[in-house]
Amino acid sequence: MGESDQWSRIKDIVGAALEKEPSERPAYLDQACTTNGPLRQEVDSLLAAYEKANGFTAGAWQAS
């Protein structure tokens, strides 16, 4: 799988995970990433960054 294909797969998985309830994400990610540890790590990292950024921006708006 090429780098472009891998990035496309990561984006698809992250996008689908964000559409699910947080409690449903681990099971979905287990299925989507199967035994691909590096893929799962990258997806988890992006989801964590999204959650952190989303919480930061939400807090910034609330503080105004």
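Not measured: the values here are computed from a predicted model. All residue numbers refer to positions in the sequence shown, counting from 1.
Minimum heavy-atom separation, Ala16 to Tyr28: CB-OH, 3.2 Å.
Looking only at side-chain heavy atoms (C-beta outward), Gln6 and Leu39 come within less than 4.5 Å of each other. Side-chain atoms of Arg9 and Asp5, non-hydrogen and from C-beta on, never get closer than 4.5 Å to each other. In this structure, Leu18 and Glu51 have side chains that are in contact, with non-hydrogen atoms separated by less than 4.5 Å.
Distance check: Arg25 CZ to Asp30 CG gives 14.0 Å after rounding to the nearest 0.5 Å.
In terms of the salt bridge (Lys or Arg N to Asp or Glu O under 4.0 Å) criterion, residue partners of Asp44 (sequence neighbours excluded) are, by chain and number, Arg40.
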